[in-house]
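What follows is one structure encoded as structure tokens, with my remarks underneath.
One-based numbering along the sequence shown.
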Amino acid sequence: MKHVSPVLEIFAEELKLARAAAELTQTQLAEAINYSGSLVAKIELAERRPNPDFARRCDEVLATSGLFTRIQRQVSRDVIVAWLQEWVAVEQEATTLRGFEPLYVPGLLQTEAYARTVLSGSGLLAREDVEQQVVARLGRQAILHAEHPPLLTVVVDEAVLRRPVGGPAVMREQLDHLVTLAGARPRVRIHVVPYSAGAYAGLDGPFVMATLPSGDDLLFVEGPFHGRTYDGAEDVQSAIQVWESVRGVALPQQQSLDLIAEVARTWT
């Protein structure tokens with residue numbers, strides 16, 4: 001028998017109750033939130049996981065004061081791999097996040113199509129598992145839209161902009177998203193290390209640092225099979241030195257966004 005997440009069952013039950021209280025059929029609710037009736041039915045049977053947009057629209061139409069958004073976040077966390085769960089909790093609490101990624105767009109900035117391509121690229125996950133992980137990844141991005149979002153500064157290598165992940169349409173959408181997001185949200189800052197920088201410290205691999213409300217800094221390093229959170233002063237200080245070096249060779253924000261927009265136009 002297939003295991004069903006208890007949190008997913010809670011979402012399904014609360015949706016049925018709220019829809020009934022609003023005297024709406026599944027079809028009527030689906031039309032109101034601009035989703036298919038079949039999807040509403042499957043979510044009410046706990047056969048599909050709701051994404052953040054679905055939850056938000058249900059809250060708006062059913063006037064549930066953010067209930068479904070809150071449950072959806074728990075649904076997303078429920079499918080996050082065990083070694084990442086600790087860091088996701090840190091993300092939720094952090095006042096500042098600083099990250100470097102030389103290979104692909106960081107998860108907090110990925111579009112749905114780009115995330116799906118990255119997660120399915122290995123061929124090791126079943127289609128259903130990929131979709132669950134996509135929902136979880138998009139759910140993590142809710143911190144960027146919170147009332148008090150963290151200050152997120154991300155540095156990526158120029159290769160990230162030019163690697164064909166999912167084809168031209170996916171890449172164009174992803175790069176346009178980066179420019180739009182950074183332009184609309186002043187607490188999201190994106191920098192690019194240009195090819196002209198040559199060899200630099202960050203090429204050793206990606207990492208993220210978080211500053212908590214207490215002022216403590218934590219480091220997260222992710223590999224192909226697992227990730228690890230470090231809180232030792234020596235590890236954090238080493239990461240800060242690498243970060244300062246990487247940040248020093250990166251372009252300023254506006255020049256970075258101009259480069260991203262320029263590369264986006266090449267993906268046709």
Side-chain angles (χ1 to χ4, degrees), residues 52 66 69-110 115 136-157 160 177-178 181-193 197 200-223 226-257:
T69 295
R70 292 191 294 273
I71 300 176
Q72 193 279 331
R73 289 173 186 162
Q74 295 299 324
V75 170
S76 295
R77 292 173 190 156
D78 201 41
V79 298
I80 293 172
V81 292
W83 53 262
L84 185 57
Q85 290 176 359
E86 179 184 5
W87 184 253
V88 170
V90 170
E91 284 181 339
Q92 301 287 325
E93 186 182 354
T95 58
T96 301
L97 290 167
R98 292 171 287 175
F100 170 70
E101 177 56 69
L103 301 175
Y104 55 83
V105 174
L108 289 177
L109 303 178
Q110 290 178 5
R137 182 162 296 185
L138 297 180
R140 289 170 57 196
Q141 298 176 4
I143 62 171
L144 304 181
H145 308 283
E147 184 176 357
H148 300 290
L151 176 60
L152 173 66
T153 304
V154 171
V155 178
V156 299
D157 191 274
V160 170
H177 174 68
L178 294 180
L181 187 63
R185 299 197 170 275
R187 293 185 67 81
V188 174
R189 301 173 181 177
I190 303 171
H191 300 270
V192 178
V193 177
Y200 60 99
L203 291 177
D204 288 333
F207 62 92
V208 185
M209 293 183 294
T211 301
L212 302 180
S214 63
D216 294 330
D217 289 316
L218 298 175
L219 167 68
F220 181 70
V221 179
E222 183 176 350
H226 59 79
R228 181 178 174 185
T229 300
Y230 298 83
D231 58 5
E234 184 176 345
D235 293 321
V236 172
Q237 283 302 312
S238 294
I240 290 175
Q241 290 182 18
V242 174
W243 167 261
E244 292 297 335
S245 177
V246 169
R247 183 67 185 82
V249 296
L251 297 173
Q253 163 124 327
Q254 191 54 56
Q255 289 184 35
S256 295
L257 296 181

What is the distance from atom CG of L218 to atom CG of L97, rounded to the nearest 0.5 Å?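 Nearest 0.5 Å value for the CG-CG distance: 10.5 Å.
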So do the side chains of H145 and R185 get within less than 4.5 Å of each other, counting heavy atoms only?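 A side-chain contact exists here, since the closest heavy-atom pair is under 4.5 Å.
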Hey, does V90 have a side-chain heavy atom less than 4.5 Å from the side chain of F220?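 Counting from C-beta outward, F220 and V90 never come under 4.5 Å.
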Quick one, V221 with R228, criterion side-chain contact (heavy atoms from CB on, under 4.5 Å). Give me CA distance, side-chain angles, the key distance, then yes/no. CA-CA 6 Å; V221 179; R228 181 178 174 185; 5.7 Å; no
Hey, mind stepping through T69 and Q72 against side-chain contact (heavy atoms from CB on, under 4.5 Å) and telling me if it holds? CA-CA 5 Å; T69 295; Q72 193 279 331; 5.7 Å; no
Taking all non-hydrogen atoms of both residues, which atom of [X] and which atom of [Y] are closest, and how far apart?
| X | Y | result |
| --- | --- | --- |
| Y230 | V236 | O-CG2, 4.2 Å |
| V242 | A201 | CG1-CB, 4.2 Å |
| V156 | P106 | CG1-CD, 3.9 Å |
| D157 | F100 | N-CE1, 4.4 Å |
| L108 | R140 | CD2-O, 3.6 Å |
| R187 | T95 | NH2-O, 3.7 Å |

Checking the side chain of Q141 only, and the main-chain atoms of G107 only, is there a donor and an acceptor separated by less than 3.5 Å?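 Checking the backbone N and O of G107 against the side chain of Q141, a donor-acceptor pair under 3.5 Å is found.
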Under 3.5 Å, is there a donor-acceptor pair between the side chain of S238 and the main chain of E234?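 Side chain of S238 to backbone of E234, a donor-acceptor pair under 3.5 Å: yes, one is there.
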Checking side-chain contact (heavy atoms from CB on, under 4.5 Å) against I143, which of E91, H148, E93 comes through?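 For I143, the side-chain contact (heavy atoms from CB on, under 4.5 Å) test succeeds with only one of E91, H148, E93, which is E91.
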Let me see the working for R98 and V155 under side-chain contact (heavy atoms from CB on, under 4.5 Å), right down to the final yes or no. CA-CA 8 Å; R98 292 171 287 175; V155 178; over 6 Å; no
Return yes when atom CZ of R189 has more than 12 non-hydrogen atoms of other residues, nucleotides or ligands closer than 6.0 Å, and no otherwise.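 It does not: R189 CZ has 12 such atoms or fewer within range.
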Could you walk me through whether L109 and L152 pass side-chain contact (heavy atoms from CB on, under 4.5 Å), step by step? CA-CA 10 Å; L109 303 178; L152 173 66; 3.9 Å; yes
